[in-house]
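Since the structure comes first, as structure tokens, the remarks are kept for the end.
Residue numbers start from 1 in every chain, and the chains themselves are labelled A, B, ... in the order their sequence lines are given, proteins ahead of strands. Because only heavy atoms are used, hydrogens play no part in the values below, and waters and symmetry mates are left out as well, while side chains stay in. Keep in mind that this is a model prediction, so the values were computed, not measured.
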Amino acid sequence: MDHFARKLLAWYDRHHRDLPWRVGPADKAEGTLPDPYHVWLSEIMLQQTTVQAVKPYFDKFLARWPRVDDLAAADTDAVMAAWAGLGYYARARNLKKCAEVLARDHGGRFPDTFDDLKALPGIGDYTAAAIAAIAFDRPEAVVDGNVERVVTRLFAIETPLPSAKPEIRARTKEMTPQERPGDFAQAMMDLGATLCTPKRPACVLCPLREECTALAGDDPQRFPLKMPKAARPVRRGAAFVAETADRKILLRTRTEKGLLGGMAEVPTTGWTARTDGETGTDAAPFAADWRSKGEVVHVFTHFELRLAVFHAERAEGPVSGGRWTKIAALGEEALPSVMKKAITQAIPDAFKASRERP
DNA sequence: AATACGTGGCC
DNA sequence: TGGCCAAGTAT
């Protein structure tokens, strides 16, 4: 085992984070490996998502679907609703598909190699390596955003991301030990998350400070270098919150593919790049006494949405392609955050009401 | 290979 | 306060 791995594992034994899906080094020393289902579920949720955001969702999913077979047998709508708010909803659809494949073709068990894991829906290079290393003790190179930061600093890699990825992978592979590869992967990620942070890294506490090339230089924080990002355009549209006298609102389900795929929404116009600011009620789903309720702004990864919100009270009647849903039952719907924002703008107590009547 | 894909927290 | 960032994947 090389110098880096030995020092890092010693640090991990003392300073590892305790996380709900993790088996700590003390328990692992007695031969206990974490449940692959827990590792998989957490890794999918953690893709581009903070630990803090994931925790309550992980607990909720595990309580409701304790084993992968339970998830395979679940209603897709229920899974989407449980995922609502966590973002990147293709993850939830692939999670369900993956559970079904495992239940049908693998007897409800996870494969234990990188290649077989990577063949599953929603599992890419990172997640396949992470599950293989953490749940099955296989010495795979696990490279996430934390590892990219740690490694580019350790070796002062001047190539910007994403061009530097092959070099980072090669370096990580060299460092990954045959023994405790799962702990090593988690140690690298813990180091990146707690000490080798993007801003103001705590180098004085770092177990690798003596061998860090970036620290020997003048400014470790400048790593990793990154290619400049494209500007985020603004798109505009209108959302229509139709409410009946008995407190129902009109919802639709978005198509499976694309933005917010398979999630619930209130009727909206298209979201276009036009900047004239003109958003009228001509595109409303039906004629009603639409009242303007102002605008909500929501920032997606690649554009900013400014949604003009309209509210109609005492709306009624059958509407094709939509469903009238009790405001008190909105908590069971797969509503993404942007839609909760729009509904709250029109009906401030909408989600308070749904909480009061479980 | 470059782009689409959410959300919330932080400074 | 606006940009950056978080355990990436699919196409």
Worksheet item: Is the gap between the ring centers of A:Trp40 and A:Phe110 under 6.0 Å?
Response: yes
Practice prompt. State yes or no: are the ring centers of A:Phe58 and A:Tyr37 separated by less than 6.0 Å?
Written response: no
Below 4.0 angstrom from OP1 or OP2 of [N], is there any side-chain N or O of [X]?
X        : N      : result
A:Gln48  : C:dG8  : yes
A:Ser337 : B:dG8  : yes
A:Arg232 : C:dG2  : no
A:His302 : B:dC5  : yes
A:His298 : B:dG6  : no
A:Lys257 : C:dT11 : no

Between [X] and [Y], a side-chain donor and acceptor under 3.5 Å:
X        : Y        : value
A:Arg232 : A:Thr301 : no
A:Asp246 : A:Thr244 : yes
A:Tyr126 : A:Gln47  : no

Quiz question: going by heavy-atom distance under 3.5 Å, is there a donor-acceptor pair between the base of [N] and the side chain of [X]?
X       : N     : answer
A:Thr49 : B:dG8 : no
A:Arg17 : C:dA7 : yes
A:Tyr88 : B:dG6 : yes

Is [X] touching bases, backbone alone, or none of the nucleic acid, heavy atoms closer than 4.0 Å?
X        : result
A:Gly258 : sugar-phosphate
A:Leu19  : base
A:Pro121 : sugar-phosphate
A:Thr127 : sugar-phosphate
A:Arg93  : nothing
A:Val299 : base
A:Gly192 : nothing

Discussion item. Heavy atoms from C-beta onward define the side chain here; which of C:dG8, C:dT9, B:dC5 lies closest to that of A:Asp125?
Written reply: C:dT9
Discussion item. Say we look at C:dA7 and B:dT3: how far apart would their P atoms be, to the nearest angstrom?
Written reply: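 Those two atoms are separated by 24 Å.
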Worksheet item: Quick one: on DNA chain C, does A:Gly122 or A:Thr301 contact a more 5' nucleotide (nearest heavy atom)?
Response: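 Whichever sits nearer the 5' end wins; that is A:Thr301.
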Fill in: Residue closer to the 5' end of DNA chain C, A:Ile123 versus A:Lys199 (nearest nucleotide)
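In this pair, the answer is A:Lys199.
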